[in-house]
Amino acid sequence: MNNSPKSFPRFYPRLIGSTAYEWLSSAPEQGKVLAVVTNCIYLVNSDDKLVWLANKKTPLHTRSIQLAGALPGLVPNDPFRIEDQELVFPNGVVVNPKNAEDWRPADFSNEHLLGLPEIYRKSREIYSHLAQLQPPGFGSFITPILASIEDEGISSQPQFNDPVLQFAWPAVHSIARAAAAQDVRGIYARVNELVGLGSGLTPSGDDFLGGLFFGLHILNQRFPSQFQLNKTEISRFLMQIRSCTNLISGTLLGDLAGGLGPAPLHAFIQNLLIPESQESPFEHALALAFIGHSTGWDILTGLLSGLLWTRPEANRATHGRLPQRVLVETVSC
Amino acid sequence: MISGFVIRKNQYYDSVFLMNVSRRMSEVKGVLQTAVLMGSPANKQLLLDIHIQDDQIEKAQPNDLIVAVIAESPAIVENVLGRLNEWLEAIQENAPSLSVKTLEEGLSQKPNANLAVISVPGEYAAREAKKALEAGLNVFLFSANVSIEDELALKQFAAAQGLLVMGPDCGTSLIGGAGIGFANSVRRGPVGVIGAAGTGLQEFTSQVHLAGSGISHAIGTGSHDLSEKINGLTTLAALDALDADQQTRIIAIVSKPPAASTLAVLFERIKTCKKPVVGCFLGVNPVLLNGKPNFQPAETIDEAVRIAVASVNGQPAMPTVGLTEEDLAAIRMEKKRWLPEQKYLRGILAGGTFCYQSQQILRKAGITIHSNNPFDRKYLLADPDRSIENTIVDMGDDFYTIGRPHPMIDGAMRKRRILAESRDPQVAVLYLDFILGYNASMDPVGEMVEAIREAKRNSRQRGGTLTVVTSVCGTEADPQDLNLQMKMLQEAGALVFRSNALASAALCELLGQE
Amino acid sequence: MDIKQKIEQANEEAFRRLCAGDPVLVDVAPAGEVLPGLKGKWITHSGPPIEWKRMCGAQKGALIGQTIYEGWAKTPDEATILLEKGEIHLEPNHAHQAVGPMAGTISPSAPVWVIENRAFGNRAFCRQVEGNQQFGDYSDEALKGLRLWRDVWGPTLQKALHTIGGLELKPIITRALQMGDELHNRAIAASSLFANEMAMAMAKTELAKEDLLSTLGYVTHHDLIFLGLSMASGKAIADPARDIEYSTVVTAMCRNGTEFGLNVSALGNEWFTAPAPKVDGLYLPGYTADVAGLDMGDSAITETVGWGAFTIGGAPGILSLVGGTPEEALAYSREMRKITVSTHPTYRLPALGFAGTAIGIDIRKVVQTGIVPIIDTAIAHKDPGYPKIGAGLVRAPLECFKKALIAFSRKYDIGK
Amino acid sequence: METLVSKLLSGPVIAINLGLKSFGASLEQQGVEVVQVEWAPPAGGDREMMDLLDDLL
């Protein structure tokens with residue numbers, strides 16, 4: 001094929017996430033390519049709003065514009081503008097969404113749900129299976145979290161070879177225990193230690209927190225009477241962490257906290273909460289697990305911590321006071 | 001214990017990739033620990049905990065990539081960090097994706113598939129097409145060299161199953177807006193079309209788009225469908241399908257001459273169509289086409305387009321849109337600059353239908369054309385490479401394309417021919433077609449424009465001028481940039497027309513006597 | 001019912017039988033007492049039938065070693081003369097419900113693992129796995145292991161087994177596959193699981209302390225001890241799938257270092273052979289591909305029942321032995337699904353998202369796709385007298401599958 | 001009557017592409033679901049085997 005710049009083709013996406021759709025239909029805007037990774041091109045507009053062009057290997061998200069085939073040849077800092085809902089790049093690449101369908105996670109607000117104790121039991125069962133796969137990243141915490149929550153008296157001080165895990169464990173442990181004790185303050189006490197922590201594009205700490213808040217958000221939404229969550233506290237937290245991690249990871253974390261995540265996460269939570277699902281939640285958990293290097297596992301582990309909130313009262317009493325550590329109120333950054 | 005680090009400002013890499021880099025670094029002998037992290041506060045704290053400390057690290061931002069190494073000696077740290085670029089810039093090794101090797105496996109991946117697009121070598125094509133039909137798939141069969149017996153068997157089987165076989169030797173279809181093979185990006189709309197020739201369909205669909213209307217489906221039938229043996233099996237199936245299709249309001253047929261018996265069968269079917277049918281059968285005596293029930297004949301593709309579009313708009317067909325005053329003025333200018341010996345046309349075409357339609361239009365104007373695919377066997381070129389007087393060559397003919405890329409994909413052959421023609425002092429007019437769309441060359445004009453300039457220079461050096469007439473088939477939505485393609489032609493001094501029929505009308509003007 | 005439907009149905013049945021296999025270790029007994037249909041001086045060997053003259057170096061070496069071990073000859077020269085004269089009866093293992101790794105030699109006094117397939121009641125046998133004589137080394141040192149096995153380890157294990165009344169292998173196999181074994185070149189998890197069981201069994205048995213310690217040492221330090229059991233299990237699982245009319249499923253694949261051979265269910269015991277291929281692999285220090293013998297051994301019975309290279313995607317640890325990347329390993333395991341009837345409902349691999357192992361090789365699919373089974377294997381020297389020299393991956397030759405397909409079509413009068 | 005042809009026309013097209021990769025790629029570019037088959041002659045192009053397989057598989 002000829003490589004002259006004048007001859008780039010048009011791209012017709014098949015599915016466009018609802019957030020990305022709004023982004024495209026808003027007033028004429030411009031922006032630039034923020035990052036180009038294997039299966040994804042991140043675009044950011046002048047308001048720092050983020051969407052991405054992705055191929056089918058990347059799970060759907062409300063911010064993704066899914067192309068059916070290969071991604072266009074773009075490099076970071078390429079500018080773009082939006083004209084008539086078309087994304088136009090100066091090198092001739094045009095992404096035209098005319099035939100694309102709008103994607104958003106399936107709504108299951110009318111479905112009958114399991115009770116909290118059943119959800120707790122089901123989660124534990126699935127997660128003990130997952131733990132057997134020797135998950136990477138924060139996934140290594142699944143076993144110690146499960147052990148420390150149920151088996152009283154075991155003071156879990158597991159050792160990890162990876163310095164990131166070694167560093168993160170105390171905070172993760174404390175958060176999981178706080179969730180199991182339905183102690184919201186206890187959760188907040190240590191989240192700051194995890195923001196932006198870990199290697200890679202979306203640090204494991206962010207993914208973990210995303211999973212955690214996603215879980216809390218969904219529980220709050222579906223069990224409003226049994227479960228209270230202070231929304232302003234969460235949004236304050238989100239504001240505070242913006243500058244503590246990179247734009248991409250921070251955006252994803254914010255979405256998760258607002259109940260929006262990658263498609264397999266939605267499928268997983270839905271199949272977990274409803275009594276008789278056609279599909280096994282385990283399959284969806286596996287699909288989620290294989291996102292990125294450890295991203296999926298990190299989210300799953302955070303979600304587990306959030307789900308511990310559903311632990312029945314009876315199992316809870318003995319915990320009493322949690323070991324309080326110094327509050328890391330603000331992080332200088 | 002020695003440590004070192006590198007900071008990359010505002011750099012993002014995906015995690016899988018970074019992990020790979022980290023693993024490679026830690027595999028170097030003497031490396032004790034590695035970290036590949038974004039410069040978030042938490043990560044900076046972590047680095048501090050493992051005794052990697054520096055002002056620069058403190059200043060790093062969450063969007064910055066920090067790569068840190070702890071090793072046994074400074075030399076190792078230096079070596080590892082020195083190779084970082086090589087690792088970061090290495091093309092990511094993709095896991096060998098397991099390719100699908102057979103139609104059956106493809107089906108198991110997409111059990112709801114409804115179309116097989118087959119372009120395997122001809123000797124295997126019928127077998128694959130048969131399997132696809134048996135699996136309930138419609139077939140687009142690009143492969144040529146399928147025997148007429150196999151073609152008939154496939155089409156009879158398909159007819160019994162309510163399936164469509166587009167091809168063999170089918171270059172173009174548009175199904176529900178999806179262009180298959182060599183196809184242009186056109187608006188969806190009420191006009192359905194059936195065509196035996198790829199470029200004919202491309203021209204028709206592009207012209208409909210240009211006229212502001214759109215295409216419901218364009219169904220290619222393959223070049224032998226209207227032969228006596230096949231008797232229009234696919235054309236008939238396509239007629240049935242379009243007649244039943246909700247979106248289609250008028251049906252057009254574009255074809256080279258059908259067998260007489262097949263034409264009769266076609267008219268039988270057209271008679272009972274619920275929708276009006278317009279047909280452009282190039283090279284068929286108009287007398288044979290007049291007065292058929294529910295059928296409007298058109299002499300050219302452009303005319304068929306005009307009839308179809310007017311009909312769906314509920315208006316009478318517009319009169320022939322001919323050359324504009326501007327066009328005529330430009331033509332007069334060109335003719336004035338010819339030397340007395342310059343009198344012949346050389347058409348070097350990529351589209352088979354264009355070669356045919358131009359001959360038809362020029363013949364009607366009383367101009368004799370020699371060709372490797374002539375209207376009349378009398379004017380067959382003995383050697384397709386040697387032009388005689390007025391000549392139009394179909395460079396997409398087997399003679400040129402066996403074992404070589406089609407001129408729609410690669411312009412190299414046409415380029416050589418253009419230059420050869422330009423050395424003949426008797427040549428006055430060069431006619432070239434350019435076909436855009438999916439699977440065509442991404443820059444058809446760019447490939448040829450230097451040759452056009454050089455051809456014109458050759459003629460100028462003899463004191464004359466070489467008139468270059470071009471037609472561009474395509475739409476502004478095509479993967480190539482239509483406007484840029486046309487602009488490049490204009491800048492090279494060519495006369496540019498939006499259809500082959502219009503360009504042919506200009507050729508008549510150029511070659512006709514005043 | 002047309003032929004295609006008959007084949008599908010027959011293959012379903014073969015698949016069902018392969019999956020139903022339930023191997024139990026019931027005994028360790030001298031081959032002469034348990035192998036059916038043999039008497040006098042005999043040695044069985046790996047691969048399809050072959051006469052002495054055409055045997056490869058390693059197999060000749062192993063036969064020489066086995067002859068000396070039985071005491072039929074004192075020196076390698078004496079042994080060679082006996083073998084050349086045909087005074088020792090040679091038979092393929094597969095003809096006697098047996099299998100053997102590499103040269104695969106079995107002789108009357110050598111104890112063999114006795115596996116019973118509880119689902120069908122059939123038995124299968126495999127010789128001990130070691131690293132010297134079975135590769136063609138006939139030195140006195142190399143035969144030491146055979147003698148200890150005959151005199152101490154075999155009988156001790158036999159007693160222990162009798163104490164516990166046999167050992168079910170399916171649980172061990174299932175767990176080992178999830179722990180990164182592929183049960184052909186890597187059986188380390190299965191071997192230690194097995195060692196655990198046998199240690200307990202031996203502790204419960206009245207044994208001379210010396211025998212106990214020696215056998216315990218043998219069992220707990222032999223990373224490949226389970227290969228003998230997985231091979232015998234494979235044979236015991238595969239045999240009931242034989243002789244199903246119309247079935248195109250492969251019931252055995254084996255090599256003798258000269259030829260590769262296979263059996264197909266509907267075609268009974270007929271061998272379809274092609275020259276043995278070269279193994280693509282890594283070599284132990286001091287050896288190179290130039291001195292390597294061709295593919296050899298009955299161990300491809302493990303691939304026949306869906307283990308070995310068919311599950312290599314779940315056994316990335318093996319790659320340091322045979323070369324390649326984890327991605328390639330996964331790709332191999334996925335690729336094999338394209339030539340099998342289906343995947344195993346119980347033997348599942350975490351690395352493949354808990355998908356079952358590909359099982360039931362269908363010769364039609366092999367010929368159609370040109371994808372031939374992949375086998376991971378050890379490499380022997382081309383000349384007699386050497387131990388193991390390397391390990392690697394090898395593909396079965398397509399030719400055998402084509403020959404089998406032609407024989408199948410003749411049998412059922414198809415085509416023409 | 002709903003035929004397989006009319007189902008194709010009412011769409012969307014879901015294609016299996018055997019042969020030229022660019023045909024599949026251009027369909028993907030237009031947002032069509034495509035499976036690309038890395039086609040090779042069956043049975044390695046062995047005529048006898050192909051004929052046999054037609055009867056058996």
Side-chain angles (χ1 to χ4, degrees), chain B residues 99-107 109-110 112-121 123-125 127-128 130-132 135-138 140 142-143 158 161-164 175-183 185 192 216-217 219 237-238 240-242 244-248 409 437-439 479, chain D:
Chain B
S99 55
V100 175
K101 297 234 164 69
T102 63
L103 179 72
E104 291 82 355
E105 283 172 57
L107 262 174
Q109 284 204 358
K110 288 250 190 293
N112 54 347
N114 50 22
L115 177 70
V117 177
I118 301 174
S119 53
V120 305
E123 54 179 316
Y124 305 111
R127 190 168 177 273
E128 297 296 333
K130 181 78 190 301
K131 283 200 293 179
L137 297 174
N138 295 286
F140 177 94
F142 176 76
S143 316
Q161 308 294 316
L163 285 162
L164 198 57
I175 304 294
I180 306 161
F182 295 89
S185 185
S216 57
H217 311 282
I219 299 174
D240 290 344
L242 292 177
D245 178 57
Q246 299 250 334
Q247 208 189 350
T248 306
I409 300 171
Y438 293 110
N439 294 303
Chain D
M1 192 190 68
E2 169 104 309
T3 62
L4 291 163
V5 185
S6 62
K7 276 193 194 153
L8 174 72
L9 298 197
S10 53
V13 173
I14 300 169
I16 298 180
N17 184 44
L18 283 85
L20 294 173
K21 272 193 180 168
S22 57
F23 278 20
S26 68
L27 282 167
E28 285 197 332
Q29 215 181 87
Q30 298 172 72
V32 174
E33 274 186 59
V34 185
V35 186
Q36 174 65 41
V37 177
E38 309 274 319
W39 188 88
D46 182 332
R47 262 288 152 200
E48 185 187 1
M49 288 297 144
M50 280 167 66
D51 291 345
L52 270 185
L53 286 168
D54 280 342
D55 293 328
L56 296 177
L57 191 64

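What you see is a predicted model; the values in this text were computed from it and never measured. Sequence lines set the chain letters: A, B, ... in the order given, protein chains first and strands last, and positions in each chain run from 1.
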task = Name the option with the most non-hydrogen atom pairs under 4.5 Å to chain D; the candidates are B/Ile175, B/Leu164, B/Ile219.
result = B/Ile175

ask   = Do you know which of B/Ala125, B/Ser216, B/Gly162 has the most heavy-atom pairs under 4.5 Å to chain D?
value = B/Gly162

Rounded to the nearest 0.5 Å, how far apart are [atom1] of [X] and [atom2] of [Y]?
X        : Y        : atom1 : atom2 : value
B/His217 : D/Leu8   : NE2   : CG    : 8.0 Å
B/Ile180 : D/Leu27  : CD1   : CG    : 6.0 Å
B/Asp240 : D/Thr3   : CG    : OG1   : 8.5 Å
D/Asn17  : B/Leu115 : CG    : CG    : 9.0 Å
D/Leu18  : B/Phe142 : CG    : CZ    : 14.0 Å
D/Leu57  : B/Thr102 : CG    : OG1   : 9.0 Å

Search all heavy atoms of [X] against all heavy atoms of [Y] and return the closest pair with its distance.
X        : Y        : value
D/Val35  : B/Lys110 : CG2-CG, 3.1 Å
B/Asn439 : D/Ser22  : OD1-O, 3.1 Å
B/Gly106 : D/Ile16  : C-CD1, 3.7 Å
D/Pro12  : B/Asn114 : O-ND2, 3.0 Å
D/Leu9   : B/Ala241 : CD1-CB, 3.8 Å
B/Arg127 : D/Leu53  : NH2-CB, 4.3 Å

key: D/Val32 portion near chain B, given a 4.5 angstrom heavy-atom threshold   = side chain

ask   = What residues, two or more places apart in sequence or in another chain, satisfy side chain to side chain donor-acceptor pair (under 3.5 Å) together with B/Ser143?
value = none

ask   = B/Asn138 versus D/Val5: any side-chain heavy-atom pair under 4.5 Å?
value = yes

query = Do D/Ser26 and B/Phe182 come within less than 4.5 Å of each other through their side chains, counting heavy atoms only?
reply = no

request  = Can you tell which part of B/Leu107 gets under 4.5 Å to a heavy atom of chain D, answering side chain, backbone, both or neither?
outcome  = both

